[in-house]
Amino acid sequence: MSVSAVHGTLSSLKSCQAELGTGMDIVTDVAMDLVETRGRCPHDAMMLECARLDREINNFVDIVQMLRLEPPDAMFDLSAKVKQQFSERIAQLSDADLHKHPKVIAFKESIESSVSQANQESAENVEELDEDIAVTQSQVNFTCPLTQVEMENPVKNKKCNHHYDKNAILGLIKTRNSQKKKCRCPVVGCANTDVRPSDLIQDQLLWRRIQSYRRQSNKT
């Protein structure tokens, strides 16, 4: 197998992985619609299968990149080595670990939040808040602590549970890392002194609430 062929394969797999991530976000969105309209969510198995495929791509890419470091003459039997090591590694993996996939975790949290919200709305019978207070509260909930504007792509920090706009927090992390420093959570009073990209989870439920709020605002 030629070096150019290896590069092409890895590039294609990474593109496929990006599309897979987008697909998992779409599944989450559809599942939340089903919870809101029908009170049920049949998409758990689909998310786990997507997580399995994503995990397999990660392992395959990792093995190929590792074997690429071997002497050039070893490239002739690269395909056979990749197949063997891939089979061995996959055999050692547990399906239980699929539930730890970041997007599966985000999926479950989004569904649980949707169910909780639906139950709360149907069970509670409270007085409506003053319109101005409600609008102000919504704007506060949707405002990024970094940009001080409404979030476009909200993510939640799984360590401290604070929300930020994805591009804003990733930009801050990159800047702090380039200065050889840790990134502190920008929310005032938060004790989290080391925010990392791996801590961030896409919050589909909050994104939907922001979109709903915008549609309601446009009508008034």
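Treat the numbers as computed from the prediction; the structure is a model and nothing was measured.
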S.K.: Evaluate side chain to side chain contact (heavy atoms under 4.5 Å, CB included) for V27 paired with K103, printing each intermediate quantity in order.
M.R.: CA-CA 10 Å; V27 170; K103 286 193 178 292; over 6 Å; no
S.K.: Hey, are K158 and E109 close enough for a salt bridge, meaning a charged N less than 4.0 Å from a carboxylate O?
M.R.: no
S.K.: Looking at every non-hydrogen atom in both residues, tell me the closest pair between A106 and Q202 and how far apart they are.
M.R.: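 Nearest pair, atom of A106 first, then Q202: CB-O, 3.6 Å.
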S.K.: Heavy-atom distance under 4.5 Å between the side chains of T28 and M47, does that happen here?
M.R.: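 Yes. Closest side-chain heavy atoms under 4.5 Å.
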S.K.: If I take atom OG from residue S198 and atom NZ from residue K159, how far apart are they, to the nearest 0.5 angstrom?
M.R.: 6.5 Å
S.K.: Looking only at side chains, do Q84 and E88 share a donor and an acceptor under 3.5 Å apart?
M.R.: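 Yes, side-chain donor-acceptor contact under 3.5 Å.
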S.K.: Hey, is the main chain of P154 close enough, under 3.5 Å, to the side chain of D165 for a donor-acceptor pair?
M.R.: no
S.K.: Hey, are the side chains of I57 and K14 touching, using non-hydrogen atoms and a 4.5 Å cut-off?
M.R.: no
S.K.: So R52 and D95, do their side chains get closer than 4.5 Å, heavy atoms only?
M.R.: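 A side-chain contact exists here, since the closest heavy-atom pair is under 4.5 Å.
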S.K.: Compare all side-chain heavy atoms of V195 with those of L200 and state whether any distance is below 4.5 angstrom.
M.R.: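 A side-chain contact under 4.5 Å exists here.
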S.K.: Are E152 and K166 ion-paired here, with the side-chain N under 4.0 Å from a carboxylate O?
M.R.: no
S.K.: Let me check something: do I63 and L93 share a hydrophobic cluster, defined by ILVMFWY side-chain heavy atoms less than 4.5 Å apart, either directly or through other members?
M.R.: yes
S.K.: Counting C-beta onward and ignoring hydrogens, is there a side-chain heavy-atom pair between E49 and M46 closer than 4.5 Å?
M.R.: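 The answer is no; the side chains never approach within 4.5 Å.
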S.K.: Between D203 and V155, is any pair of side-chain heavy atoms under 4.5 Å apart?
M.R.: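 Of all side-chain heavy-atom pairs linking V155 with D203, none is under 4.5 Å.
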S.K.: Does E19 form a side chain to side chain contact (heavy atoms under 4.5 Å, CB included) with S15? I'd like the steps, not just the answer.
M.R.: CA-CA 6 Å; E19 293 295 331; S15 296; 5.7 Å; no
S.K.: Are the side chain of S212 and the backbone N or O of R208 linked by a donor-acceptor pair below 3.5 Å?
M.R.: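 Checking the backbone N and O of R208 against the side chain of S212, no donor-acceptor pair under 3.5 Å is found.
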S.K.: Run the side chain to side chain contact (heavy atoms under 4.5 Å, CB included) check on L48 and H99 step by step: do they pass?
M.R.: CA-CA 7 Å; L48 290 175; H99 294 274; 3.8 Å; yes
S.K.: Could you walk me through whether L172 and Y164 satisfy the side chain to side chain contact (heavy atoms under 4.5 Å, CB included) test, starting with their C-alpha distance in whole Å, then the side-chain angles of each, then the deciding distance to 0.1 Å, before giving a yes or no?
M.R.: CA-CA 11 Å; L172 179 61; Y164 334 97; over 6 Å; no
S.K.: Of all the heavy-atom pairs spanning H162 and C185, show the shortest one and how long it is.
M.R.: ND1-SG, 3.4 Å
S.K.: What closest approach, in Å, do N58 and Q17 show between heavy atoms, and which atom pair accounts for it?
M.R.: OD1-NE2, 2.7 Å
S.K.: Can you confirm whether the side chains of Q85 and N59 place a donor and an acceptor under 3.5 Å from each other?
M.R.: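 No donor-acceptor contact under 3.5 Å links the two side chains.
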S.K.: Given side chains that start at C-beta, do those of H163 and L206 come closer than 4.5 Å, heavy atoms only?
M.R.: yes
S.K.: Write down the atom of I210, the atom of E150, and the distance for their closest heavy-atom approach.
M.R.: CG2-OE1, 3.8 Å
S.K.: How would you list all residue pairs meeting side-chain hydrogen bond (donor to acceptor under 3.5 Å, both in side chains) that involve residues 178-190, not counting sequence neighbours?
M.R.: R176-Q179
S.K.: Give a yes-or-no answer on whether the side chains of D25 and Q204 include a donor-acceptor pair shorter than 3.5 Å.
M.R.: no
S.K.: Out of curiosity, does F142 fall in the hydrophobic cluster containing L146 (side-chain heavy atoms, cut-off under 4.5 Å, transitive links)?
M.R.: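 The answer is no; the residues belong to distinct hydrophobic clusters.
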S.K.: Using 0.5 Å steps for rounding, measure from the SG atom of C50 to the CZ atom of R55.
M.R.: 13.5 Å
S.K.: Check whether any side-chain heavy atom of R209 lies under 4.5 Å from a side-chain heavy atom of Y213, and answer yes or no.
M.R.: no
S.K.: Are L10 and L20 linked, directly or through intermediate hydrophobic residues, by side-chain heavy-atom contacts shorter than 4.5 Å (ILVMFWY only)?
M.R.: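 Cluster IDs for L20 and L10 match.
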S.K.: Less than 4.0 angstrom from a charged side-chain N to a carboxylate O is my criterion; do D194 and R196 meet it?
M.R.: yes
S.K.: Check whether M24 and W207 end up in the same hydrophobic cluster, where Ile, Leu, Val, Met, Phe, Trp and Tyr are linked by side-chain heavy atoms less than 4.5 Å apart.
M.R.: no
S.K.: Taking all atoms of both residues into account, what is the closest heavy-atom pair of I169 and P186, and its distance?
M.R.: CD1-CD, 4.1 Å
S.K.: Under a single-linkage definition using a 4.5 Å side-chain heavy-atom cutoff for Ile, Leu, Val, Met, Phe, Trp and Tyr, are F60 and I90 assigned to the same hydrophobic cluster?
M.R.: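 In one cluster with F60: I90, yes.
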